[in-house]
Amino acid sequence: MGSMNTGNEADATGTHAELAKRRKAVLPEWLTTMYAEPIDIDSGEGRHVRDAEGNRYLDFFGGILTTMTGHAVPEVTAAVSEQASRILHSSTLYLNRPMIELAERVAELSDIDDPRVFFTTSGTEANDTALLLATGYRASNQVLALRNSYHGRSFSSMAVTGNRSWSPTSLSPVQTFYVHGSRRRGTPMAQLSDAELTEACVADLEDVLDQLHGNVACLIAEPIQGVGGFATPPDGLYARFKEVLDRHGILWVSDEVQTGWGRTGEHFWGWQAHADNGKPDIVTFAKGLGNGLSIGGVVADAEVMNSVAANSISTFGGSPVTAAGALANLDYLLEHDLQRNAAHVGAILRAELDGALGSASAVADVRGKGLMIGVELADPDGQPAPELAAEVLEETKRQGVLVGKGGLHGNVLRIAPPLSVTESEVREGARVLLDALHTVPSPEAS
């Protein structure tokens, strides 16, 4: 399974190193790359990618949970090519058939009552729009968010990001209050059962609301925290939150940028694991819908969406070529029932990785749903082990598998292959991951 170099090794040695040097000279230092020696991913097909030096890898991260159906899917490529041969761009000032057709499909699938859809170019911009809608509709700049959360890199989305590693400023256009919800290890709630954790989090939400000035705009929450290391709340927690929010008239924004489109296997949207007592007022999405094309968006009921009291446009949101490709990608997902596949092969992958609990000393937790699995690493004292996570990341790359990492301390491996991944591929990827977890030296107890 290991990576294989098919080019001239002497010539290839400088390819990535030279490109990394050029990158450093022209791009910001804070623009993160993975690996001690970053790679230039040059091409892909299915669940595999190849770098510019000819090494082939099994992709278990999908460009940050974005390559949803697979690399170079013929149906998606054909739709993009056909639309690009006609017109690339017109803007929302004109009728745009691909955008309207995509909006109709998204609205139908959203499970929101009387839905309206607005397209953006990213998940960050989608969450920005959701905050604009909620704060305007409620005439309040007070926002609730979860600890350890991540919602994007714009000024307002960073302002509701609870993970300090990804929020470089305390300046904010909103007043944000953080509540407990998903992260357990390293908190006073680590040993609570799901039922106990739910009760504690609801009590915490009530307590926070008791300390605020009445009118709060919204709660924004990821059904499973992405950058936060796939921290997963108990099923039904947000339904309990919704009961509290409804009493105060507060809107619920579900950030589905990473959990949407069936990735969790059990549901099409992550929020549906919490649906007993109502639906979100606003849902944001991005990443997987475009399979790499730059698209995001917001679904809200008509009353909330139409509450914006000004004209607006989107120059690039829902562009003809992006919408055409996203619609073909969504059709492919549904026609091949990739949500069912995510549930099936995700269960196999999870069972394989659960085997690391107890057998690999550094594995403190395995969590997640479907094809969204996190493996948290800790030292013998139970403290986060980010250095070990970085070493495992390097080892899996050497063996031909690409995974991600995240978590508050950068000590969680993030495993999220395309939803079309096969049974044999998840077993092979799991074998490499387990081998890396068992062979990379464990950190010493402090």
Side-chain angles (χ1 to χ4, degrees), residues 32 64-65 123-124 127 130-131 143-154 156-170 172 174-192 194 196-205 207-208 218-238 240-241 252-260 263-264 270-271 273-274 284 287 364-369 372-378 382-386 389 404-416:
T32 304
I64 319 176
L65 290 84
T124 287
N127 286 332
L131 292 170
V143 174
L144 300 166
L146 264 64
R147 302 181 185 199
N148 195 48
S149 58
Y150 175 84
H151 296 289
R153 53 154 301 278
S154 67
S156 68
S157 60
M158 284 192 296
V160 295
T161 288
N163 187 318
R164 67 171 184 268
S165 299
W166 296 92
S167 188
T169 177
S170 61
S172 172
V174 294
Q175 190 176 17
T176 307
F177 303 89
Y178 294 101
V179 297
H180 286 289
S182 295
R183 182 170 168 264
R184 303 197 196 200
R185 291 200 77 258
T187 78
M189 302 184 183
Q191 303 306 316
L192 299 184
D194 281 358
E196 291 168 336
L197 179 64
T198 296
E199 294 303 324
C201 290
V202 171
D204 175 60
L205 173 61
D207 183 59
V208 170
C218 66
L219 165 74
I220 184 169
E222 305 156 273
I224 296 176
Q225 293 184 328
V227 170
F230 295 171
T232 306
D235 285 356
L237 173 63
Y238 296 160
R240 293 288 306 282
F241 277 6
W252 170 22
V253 180
S254 184
D255 178 347
E256 300 276 351
V257 169
Q258 298 197 29
T259 51
R263 177 162 287 280
T264 66
W271 68 261
H274 308 269
T284 62
K287 290 189 181 288
D365 191 27
V366 179
R367 56 178 176 260
K369 296 181 178 182
M372 194 172 183
I373 300 174
V375 178
E376 184 164 358
L377 306 183
Q383 297 303 306
K405 68 182 179 72
L408 181 62
H409 303 284
N411 64 317
V412 182
L413 303 176
R414 297 169 67 198
I415 302 149

Closest contact, heavy atoms only, Pro223 versus Asp255: CD-O, 3.2 Å
If you take all heavy atoms of Arg153 and Thr124, which pair is closest and at what distance? N-OG1, 3.1 Å
CZ (Arg147) and CZ (Arg183) are apart, to the nearest 0.5 Å, by 9.5 Å
Contacts of Tyr150 meeting ring-ring contact (aromatic ring centres under 6.0 Å, His included) (sequence neighbours excluded), chain-then-number -> Trp166
Looking only at non-hydrogen atoms, find the nearest pair between Ala130 and Val253 and report the distance. CB-CG1, 3.8 Å
Taking every heavy atom of Lys287 against every heavy atom of Val257, the minimum-distance pair comes out as CB-O, 3.4 Å
Hey, is the main chain of Leu237 close enough, under 3.5 Å, to the side chain of His274 for a donor-acceptor pair? yes
Would you mind reporting whether Glu222 and His151 have side-chain heavy atoms less than 4.5 Å apart? yes
Ser149 side-chain N/O to Val160 backbone N/O, donor-acceptor pair under 3.5 Å: yes
Working to the nearest 0.5 angstrom, can you tell me the gap between Glu376 CD and Leu408 CG? 9.5 Å
Do side-chain atoms of Thr187 reach the backbone of Met189 as a donor and acceptor pair under 3.5 angstrom? yes
Is there a side-chain contact between Leu65 and Arg414, using heavy atoms and a 4.5 Å cut-off? yes
Check for a donor-acceptor pair, side chain of Thr264 on one end and backbone N or O of Gly270 on the other, with a separation under 3.5 Å. no
Is the count of non-hydrogen atoms from other residues, nucleotides or ligands lying under 6.0 Å from Ile64 atom CD1 greater than 12? no
Between the CD atom in Gln175 and the CG atom in Leu144, the distance rounded to the nearest 0.5 Å is 10.5 Å
May I ask you to decide if Gly228's main-chain N or O and Asn148's side chain share a donor-acceptor pair within less than 3.5 Å? yes
Atom pair CD (Gln225) and OG1 (Thr232), whose distance is rounded to the nearest 0.5 Å: 8.5 Å
If you apply the rule side chain to side chain contact (heavy atoms under 4.5 Å, CB included), what do you find for Gln191 with Glu196, and how did you get there? CA-CA 9 Å; Gln191 303 306 316; Glu196 291 168 336; over 6 Å; no
Heavy-atom closest contact (Tyr178 atom, Ala159 atom, distance): OH-O, 3.3 Å
Would the distance check show the side chain of Gln258 and the main-chain N or O of Ile224 forming a donor-acceptor pair, the cut-off being under 3.5 Å? no
Would you find a donor on one side and an acceptor on the other, under 3.5 Å apart, between the side chain of Thr161 and the backbone of Asn163? no
For the residue pair Leu219 and Leu146, establish whether any side-chain heavy-atom pair is separated by less than 4.5 Å. yes
How close do Asn411 and Pro386 get, counting heavy atoms only, and between which atoms? CB-N, 3.7 Å
Please enumerate all residues that pass side-chain contact (heavy atoms from CB on, under 4.5 Å) together with Ala364, with sequence neighbours excluded. Arg185, Ala378
Output all residues satisfying side-chain hydrogen bond (donor to acceptor under 3.5 Å, both in side chains) with Asp204, sequence neighbours left out; order by chain, then residue number. none
Ser254 side chain to Trp252 backbone, donor-acceptor under 3.5 Å: no
Given the rule in the side chain to side chain contact (heavy atoms under 4.5 Å, CB included) test, do Phe177 and Val143 qualify, once you have shown the distances and angles that lead to the verdict? CA-CA 6 Å; Phe177 303 89; Val143 174; over 6 Å; no
Contact check, side chains of Ser182 and Arg367, non-hydrogen atoms, under 4.5 Å: no
Do Leu377 and Lys405 come close enough that some side-chain heavy atom pair is under 4.5 Å? no
Separation of Phe230 CZ from Thr259 OG1 (nearest 0.5 Å): 10.5 Å
Between Leu131 and Cys218, is the side chain to side chain contact (heavy atoms under 4.5 Å, CB included) condition met? List the steps. CA-CA 8 Å; Leu131 292 170; Cys218 66; 4.2 Å; yes
